[in-house]
Each structure stands twice: as structure tokens, then as C-alpha cells.
Number of protein chains: 2
Amino acid sequence: MVERISDAEHEIMEVLWEKAPLTATEVADRVADAKGWSLQTVKTLLSRLATKAVIGTERDGRRFQYSPLVERDTYLAGVSRKFVDRLFGGKVTPLVAHLAEADELSDDDIREIEELLRELKG
Amino acid sequence: MVERISDAEHEIMEVLWEKAPLTATEVADRVADAKGWSLQTVKTLLSRLATKAVIGTERDGRRFQYSPLVERDTYLAGVSRKFVDRLFGGKVTPLVAHLAEADELSDDDIREIEELLRELKG
DNA sequence: TCGGAATAACTACAGATGTAGTCAGTAGCG
DNA sequence: CGCTACTGACTACATCTGTAGTTATTCCGA
């Protein structure tokens, strides 16, 4: 029952999933390239995430160390589920079909997925 | 380059994709079951969609007939693409893997996807 | 023909979101 | 030991979203 994480908040989460704990400044440094947000913006997002209890804080002197409280896998599974439910009536096949038709699937992708499916059955 | 369609707006689109053209009242009737929105709410959503140019209007006496201007397939392909890009670095395989791990894939799903992939290669 | 019902247009408003500024406290440097 | 720079907390504000009320017009039935 993870609360909804907005797009901007998700960017922050990706950073923390890659490395944690981090201070606000460190997080800001890591998103600076991609997003160019100010330190204040990053702090706002961090505090909103903390309010939603998807990240935790640990005091370190005058500052905080932030860490994810929710696993990336757990989060992605939930979001994927909702996405497939809402747009494809819960069926994955149409999603794969759409991506395929839109030329989003390379031959390599197809081989990879086939491999995965073989393992799933095995 | 379809503008972002919100969740509520998407519900309206699904109705129009299933049958069009429809008047505001007809759309409202069709979403009433699932969402219980008032007629006014539906009209607001319809006019927002018209502003975004994803549906078109045709005058019919004192009222409008609304029809999609964007194909469902086109829209879904775009949204799927963005989704997979943002959450899975553009790769479909991890998405399928996630759904599989979360037990969201039945044996039938797997067989279906395998079938689809076979066709894609053929 | 006239009044009521239907309809589109406009207005409303709270909560979420993106983006940041201001303020007050405090730790560490000089 | 005092001041400055860093830090979290609080405040700000425009836009988007969900959800609807109000208003002005017009068509249709009596």
C-alpha cells in the first residue's frame, strides 16, 4: 500500500535506490545533471517522500541521511501492475503486442523475453 | 505528440473508443456505473479533452457529438513507451520479469506471449 | 407560443505537483 | 568565542486534476 510517488519524486528515489544513505546535498548533486533542480527543490521532494514514509531519515549531526524504505522491486511491481490493469485490462500480452507493433521490440528483446519465459516455465 | 491525458480523462476516452460519436449525456451514462460521476464532471472532462485536441466535436442541433481524434492504439503505444522508458530504462524484458515475479503472469499469459513472439519472428 | 428541461460555457475550489524562496538554528572555521 | 555558511523547516505559488455548481441559451412538448 505504497502511496503514490510523483514523477519528480521518482527521480529522487532512483538516486537513493542506486546509493544510500545520502544527504540532501548529495542527492541534489546526483540529479543535477539530469534535471537541474535546485537544492531547495530536492529538499522539498525528500521531505515529501519522508512524509509518505517511502524514505527514512537518520540524523547525522546537523543534517539528515536519507534511505529508501521501499524496495525498488516492490515499488515497480506495484506500479507495473496498476499500469497494466488500467490500460490493458490486466493482460500483459496486449502490452507486449503494442510495444512490438510500435517497433519498440528488437530481435534481441524478443530473444531475451523468450529466454525469460522458458525459465519461468522450467 | 499527444498531450498528457489524466486518469479521469482516460476513462472518458475508453468510452469513446468503444463507441463514437456520443453526446455528453451518453458518455455520462456509460461511465456512471464504473465511476459515478455527475454529468457536469463528464462535461468538464470532455471539454478538457477537446481543448487538448484528442477528441473532436460536431454540432448536432443544440448539443455536441464527441469522437476520438486519436486512435486507442496510437495512444497506448505512446504511453507504454514512456512507461517502459521511465521505469525500466526502455527495456521490456525487466517489465515482464517483474510481472512474472509478482505472480502476475499465469501459464496462459506465458503461452500467449510466446505465441505472439513466434508470430513476430515469423 | 410559452415555459420548462436540456445543454454548453464559465466559474469554483481543494488537493497534488513542480519548483523554489525565506527563516532560524547550529556546527565549525578563524 | 563570534560569525558565517550550511541545513532543515516552513512558506509560496502557479499549474494540473478531480469533482462539481451556476448561468445563459435554446429546443421541444403542451
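The sequence lines fix the lettering, A, B, ..., with proteins before strands; numbering per chain opens at 1.
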Contact list (N/O, under 3.5 angstrom) for nucleotides 11-13 of chain D vs protein:
none

Exercise for the section: Please answer whether the main-chain N or O of A/Asp73 pairs with a side-chain N or O of A/Trp17 as donor and acceptor at a distance below 3.5 Å. Expected result: no

Practice task
Would you confirm whether B/Asp85, through its side chain, and B/Lys82, through its main-chain N or O, come within 3.5 Å as a donor-acceptor pair?
Solution key: no

Write down the distance between [atom1] ([X]) and [atom2] ([N]), rounded to a whole number of angstrom.
{"X": "A/Leu39", "N": "D/dC10", "atom1": "CG", "atom2": "P", "value": "17 Å"}
{"X": "A/Asp7", "N": "C/dG18", "atom1": "CG", "atom2": "C1'", "value": "10 Å"}
{"X": "B/Phe64", "N": "D/dT26", "atom1": "CZ", "atom2": "C1'", "value": "13 Å"}
{"X": "B/Arg63", "N": "D/dC27", "atom1": "CZ", "atom2": "P", "value": "12 Å"}
{"X": "A/Glu9", "N": "C/dG15", "atom1": "CD", "atom2": "C1'", "value": "14 Å"}
{"X": "A/Asp60", "N": "D/dT7", "atom1": "CG", "atom2": "C1'", "value": "12 Å"}
{"X": "B/Leu49", "N": "C/dA8", "atom1": "CG", "atom2": "C1'", "value": "16 Å"}

Exercise for the section: Have a look at A/Thr41 and say if it touches a base, only the backbone sugar-phosphate, or nothing, with a 4.0 Å heavy-atom cut-off. Expected result: base

Fill in the blank from the handout: Residue set satisfying salt bridge (charged side-chain N to carboxylate O under 4.0 Å, His left out) with B/Asp29, at least two apart, ordered chain then number -> none

Practice task
Output the residues of residues 12-29 of chain A in contact with DNA chain D, where contact means a heavy atom of the residue under 4.0 Å from an atom of the strand; sort by number or write none.
Solution key: A/Ala24, A/Thr25

Practice task
Report yes if the side chains of B/Val15 and B/Ile12 come closer than 4.5 Å at any heavy-atom pair, otherwise no.
Solution key: no

Exercise for the section: Using a 4.0 Å heavy-atom cut-off, write out nucleotides 22-30 of chain C from 5' to 3' as B (base contacted by protein), S (sugar-phosphate only) or - (no contact). Expected result: B----S---

Practice task
Quickly, which of A/Leu95, A/Asp109, A/Ile113 forms a side-chain contact (heavy atoms from CB on, under 4.5 Å) with B/Val92? Name it, please.
Solution key: A/Ile113

Practice task
For DNA chain C, find the residues of residues 31-38 of chain B with a heavy-atom distance under 4.0 Å and give them by number; none if there aren't any.
Solution key: none

Problem - Side-chain N or O of B/Lys52 closer than 4.0 Å to phosphate OP1/OP2 of D/dT17 - result: yes

Practice task
Please check the phosphate of C/dT7 (OP1 and OP2 only) for any side-chain N or O of B/Arg59 closer than 4.0 Å.
Solution key: no

Practice task
Fill in the dot-bracket string of DNA chain D, one character per base: . for unpaired, | for a pair to another strand, ( ) or [ ] for pairs within the strand, taking Watson-Crick or G-U pairs under 3.5 Å.
Solution key: ||||||||||||||||||||||||||||||

